[in-house]
There are 2 protein chains.
Amino acid sequence: MDRRGPTLEDVAREAGVSRATVSRVVNGVRNVDPGIQDLVRRAIERTGYAPNRAARSLVTRRADTVALLVSGAGDAFAARVFADPFFGRIVSGAVAFLRGRAMHPVLMFAESAPARQQVVDYLRQGGADGALVVSLQAADPLPEMLYAAGVPVVLFARPPEGLPLAHVDLDHRAGGRLAAEHLLARGCRHPATITAPQDLPAGRDRLAGFQEALTRAGRHGAPAVEGGFTVDSGAAAMLRLLDGHPEVDGVFAANDLMAQGACQVLSERGRRVPEDVAVVGFDDSSVAVTCRPPLTTVRQPVEKMAAAMAELLAARLQGAGPEPERLLFRPELVVRASA
Amino acid sequence: MDRRGPTLEDVAREAGVSRATVSRVVNGVRNVDPGIQDLVRRAIERTGYAPNRAARSLVTRRADTVALLVSGAGDAFAARVFADPFFGRIVSGAVAFLRGRAMHPVLMFAESAPARQQVVDYLRQGGADGALVVSLQAADPLPEMLYAAGVPVVLFARPPEGLPLAHVDLDHRAGGRLAAEHLLARGCRHPATITAPQDLPAGRDRLAGFQEALTRAGRHGAPAVEGGFTVDSGAAAMLRLLDGHPEVDGVFAANDLMAQGACQVLSERGRRVPEDVAVVGFDDSSVAVTCRPPLTTVRQPVEKMAAAMAELLAARLQGAGPEPERLLFRPELVVRASA
DNA sequence: ATGAAAGCGCTAACAC
DNA sequence: GTGTTAGCGCTTTCAT
């Protein structure tokens with residue numbers, strides 16, 4: 001268990017120079033004679049030297065690590081997160097940016113009060129220099145905790161009211177409009193919607209945008225049933241919609257999983273998609289492709305957004321002004337078979 | 001950006017004791033007067049002290065962090081990983097064990113050569129004390145690299161030939177047998193299989209177990225087509241099976257995604273599942289539930305296995321003998337509608 | 001039971 | 001261009 005390896009001192013001795021010189025070579029500082037650089041590099045090779053992170057970060061006050069926090073609640077939280085390709089896209093985007101910046105991305109989960117506390121402690125103790133956080137619940141205490149701890153943070157989605165935190169977000173309202181406009185353009189006369197949980201600002205915005213576009217087209221009061229982002233909740237909502245409004249010929253589901261649930265119910269009830277009822281999803285997740293029929297859906301530029309988060313954080317860590325920034329992204333419609 | 005907080009020294013001054021005493025309180029060492037403990041705790045409260053990880057780990061030579069490495073290759077690797085609930089279960093299991101052990105789990109991806117190198121460096125530099133690794137490709141260089149770097153490692157699945165690394169694994173052969181026996185018990189007379197990639201030991205074992213059970217029952221030479229773990233590959237394999245062996249009335253797919261693909265093709269070809277063709281999957285992933293019909297499938301006790309991995313690693317870090325251990329787990333059959 | 005003091009391995013002034 | 005040196009904040013003997 002004694003993994004103590006060679007130190008700078010050892011390399012210095014081996015190369016016949018001082019610790020400082022080796023340090024300069026390791027950190028790529030100029031002002032080192034090319035010949036000596038070579039000497040040192042060979043000594044590093046021979047000794048198998050690897051710098052000690054702890055020692056380095058003790059003096060630089062940086063961990064060169066950023067935490068990617070996925071926050072939410074509930075049992076089997078990780079299982080749910082991993083069932084949703086959405087997070088994969090966020091991770092891909094963030095990781096892509098951080099690599100090459102010599103910043104190690106580490107993913108952590110904050111699914112319960114103790115887990116949250118551990119994560120906050122980890123950051124307060126300097127385990128990472130800052131955090132990118134993706135929050136799944138409306139009233140998530142994590143952003144506030146991180147803010148209070150003075151940890152540099154960038155959020156995916158709007159921060160809770162009153163918290164001045166940097167963030168990136170989608171123009172959800174525009175997304176809702178996109179869906180409505182597409183359904184109308186296809187000739188739907190009785191559009192309805194399966195909404196996201198309405199305690200989420202994003203959920204309210206998608207609904208508002210949808211209604212706004214309908215209103216603008218002279219249609220009022222489209223039926224709306226609230227779902228819970230899962231396939232089952234989408235199926236249940238579709239059943240209620242069908243029972244209460246059998247004339248429905250177009251449905252906007254606030255995410256793809258619910259859209260899939262809706263499609264299943266429709267097909268069980270003998271309604272063809274899209275001929276009898278057109279369905280539009282949201283997210284362009286992988287189920288949009290595997291769903292039968294493949295889903296027409298509103299796509300968020302998630303990777304770009306995640307990369308932007310990472311960039312915002314990096315800038316902040318470099319000492320850019322502390323004013324929290326905000327970046328808003330535009331959704332686009334991906335047309336497939338379902339609408 | 002200067003997040004320098006209060007130090008042990010500050011707390012000591014505030015409490016009117018020495019650094020050493022504060023350190024003892026923080027680390028829960030006995031032999032500290034209860035009155036003084038209180039004093040110190042209050043001082044910590046007042047100052048908002050948080051120990052500095054770097055300083056601590058510099059002296060203890062431990063990061064109190066373990067890396068959860070997901071290794072594989074390809075574009076949008078993270079996206080693929082996040083589409084598969086399997087990883088969620090691994091993460092859940094490992095995280096559940098590590099919490100409460102005061103070990104921070106950090107998830108990292110090694111999807112390309114540079115990423116692999118970064119991850120290995122991170123560990124060599126003491127960013128984490130050890131690694132739990134889940135490898136997705138047959139010839140993954142990561143385990144070997146970690147072994148060479150002297151990093152304590154526990155693998156999910158069998159290590160490459162000749163590498164003496166601790167690991168947990170499923171008895172895949174038993175899984176294949178379970179599937180075959182179930183199909184036979186249902187009365188299938190013409191069972192076939194869609195296999196996992198045969199360069200994976202697990203893939204070979206599942207097939208071998210399947211064939212073994214059939215042979216034992218007096219049935220030889222069941223048709224087998226190799227798939228690639230995806231829905232599409234399962235669909236393609238099912239097509240080939242149907243074309244070459246129209247009499248097939250039972251299919252064992254080596255994972256649930258392929259089973260789903262098979263079900264889709266069967267239904268498109270007018271075969272009812274399970275009446276005309278029974279289908280058994282593998283993994284008991286979330287698609288097993290959402291699939292129509294829901295899949296009968298071979299379940300791995302993934303959470304238990306992951307927790308065991310973490311436990312093995314923890315033991316190793318505590319200085320347990322360096323002989324790599326191996327733990328083999330038994331699969332079980334989950335019966336749903338498809339077979 | 002508590003304190004004093006010696007480093008852990010590294011970077012960054014500061015001399016030369 | 002290179003070496004010397006002073007810490008970074010903490011744990012841990014060793015005295016007391």
Side-chain angles (χ1 to χ4, degrees), chain A residues 1-41 43-44 47-65 102 121-122 124-127 129, chain B residues 1-41 43-44 47-65 102 121-122 124-127 129:
Chain A
M1 180 52 237
D2 208 20
R3 293 213 289 127
R4 155 212 261 97
T7 73
L8 261 194
E9 188 72 50
D10 298 325
V11 178
R13 198 176 322 113
E14 176 83 17
V17 299
S18 74
R19 285 213 305 279
T21 300
V22 179
S23 173
R24 290 187 185 106
V25 173
V26 169
N27 295 297
V29 181
R30 329 158 278 294
N31 290 350
V32 180
D33 184 284
I36 299 218
Q37 279 193 36
D38 240 58
L39 214 62
V40 170
R41 256 187 265 283
I44 290 177
T47 53
Y49 170 76
N52 179 315
R53 282 193 146 248
R56 177 181 284 178
S57 83
L58 182 55
V59 28
T60 59
R61 310 176 149 312
R62 293 169 119 290
D64 293 322
T65 295
D121 285 345
Y122 187 79
R124 290 215 320 149
Q125 301 173 1
D129 302 320
Chain B
M1 179 54 239
D2 208 18
R3 293 212 288 129
R4 154 214 259 97
T7 72
L8 216 44
E9 187 71 50
D10 299 324
V11 179
R13 200 177 320 114
E14 176 84 16
V17 298
S18 74
R19 287 212 304 279
T21 300
V22 180
S23 173
R24 290 188 185 104
V25 172
V26 169
N27 295 297
V29 180
R30 331 156 278 293
N31 293 348
V32 180
D33 184 286
I36 299 218
Q37 279 192 39
D38 241 58
L39 214 63
V40 170
R41 257 187 265 284
I44 289 177
T47 53
Y49 171 75
N52 179 315
R53 284 196 142 244
R56 176 181 288 182
S57 74
L58 182 54
V59 28
T60 61
R61 312 178 115 29
R62 292 172 119 290
D64 293 322
T65 295
D121 285 345
Y122 187 80
R124 291 217 317 149
Q125 300 173 2
D129 302 321

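The model shown is predicted, which means the values in this text are computed figures rather than measured ones. Just so it is clear, the values below take in all heavy atoms, side chains as well, and ignore hydrogens, waters and symmetry mates.
- Contacts between residues 47-55 of chain A and DNA chain D, defined by a heavy-atom separation under 4.0 Å, are absent.
- Legend: salt bridge (charged side-chain N to carboxylate O under 4.0 Å, His left out) pairs involving residues 5-18 of chain A, not counting sequence neighbours, sorted by first then second residue: A:E9-A:R19, A:D10-A:R13, A:E14-A:R46.
- Rounded to an integer number of Å, the gap from CZ of A:R13 to C1' of D:dG3 is 16 Å.
- The heavy-atom pair separating A:Q125 from B:A50 by the smallest distance is CG-CB, 4.4 Å.
- Chain A approaches DNA chain C over the interval C:dG9 to C:dA13, counting the first and last nucleotide 5' to 3' with an atom under 4.0 Å from its heavy atoms.
- Side chains of B:V26 and B:R56 form a contact here, defined as non-hydrogen atoms less than 4.5 Å apart.
- Legend: residues meeting side chain to side chain donor-acceptor pair (under 3.5 Å) with B:T21, ordered by chain and number and at least two apart, are B:S18.
- Between B:A63 and B:G127, the shortest heavy-atom contact is CB-O, 3.6 Å.
- A donor-acceptor pair under 3.5 Å links the side-chain atoms of B:D33 to the main chain of B:G35, judged by distance alone.
- Projected onto DNA chain C by closest heavy-atom contact, A:V59 and B:T21 fall at different nucleotides, the more 5' of which corresponds to B:T21.
- Here the closest non-hydrogen pair linking A:V22 and A:A12 is CG2-CA, 3.7 Å.
- The shortest heavy-atom contact between A:D64 and A:D129 is N-OD2, 2.8 Å.
- Within residues 27-38 of chain B, the residues having any heavy atom closer than 4.0 Å to DNA chain C are, in order of number, B:N31, B:V32, B:D33, B:I36.
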Practice task
Please assess B:T7 against B:N52 for the test side chain to side chain contact (heavy atoms under 4.5 Å, CB included), listing each intermediate value before the final yes or no.
Solution key: CA-CA 8 Å; B:T7 72; B:N52 179 315; over 6 Å; no
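- Rounded to whole angstrom, the span from the CG atom of A:L8 across to the P atom of D:dT4 amounts to 15 Å.
- Between A:L8 and A:S23, the closest side-chain pair of non-hydrogen atoms falls below 4.5 Å.
- Taking both residues in full, the closest heavy atoms of B:R124 and A:Y49 are given as NH2-O, 3.4 Å, listed atom of the first, atom of the second, then distance.
- Between A:Q125 atom CD and D:dC10 atom P there is a gap of 10 Å when expressed in whole angstrom units.
- Rounded to whole Å, atom P of D:dT11 lies 11 Å from atom CG of B:L58.
- Taken over five-pair windows at either terminus, the axes of the helix from C:dA1-D:dT16 to C:dC16-D:dG1 are inclined to one another by 30° (rounded to 10 degrees).
- The shortest distance between side-chain heavy atoms of B:R24 and B:V40 does not fall below 4.5 Å.
- In this entry the distance linking CZ of B:R19 with C1' of D:dT13 reads 14 Å, nearest Å.
- The closest donor-acceptor contact from the side chain of A:Q37 to the backbone of A:V25 lies at 3.5 Å or more, if one exists at all.
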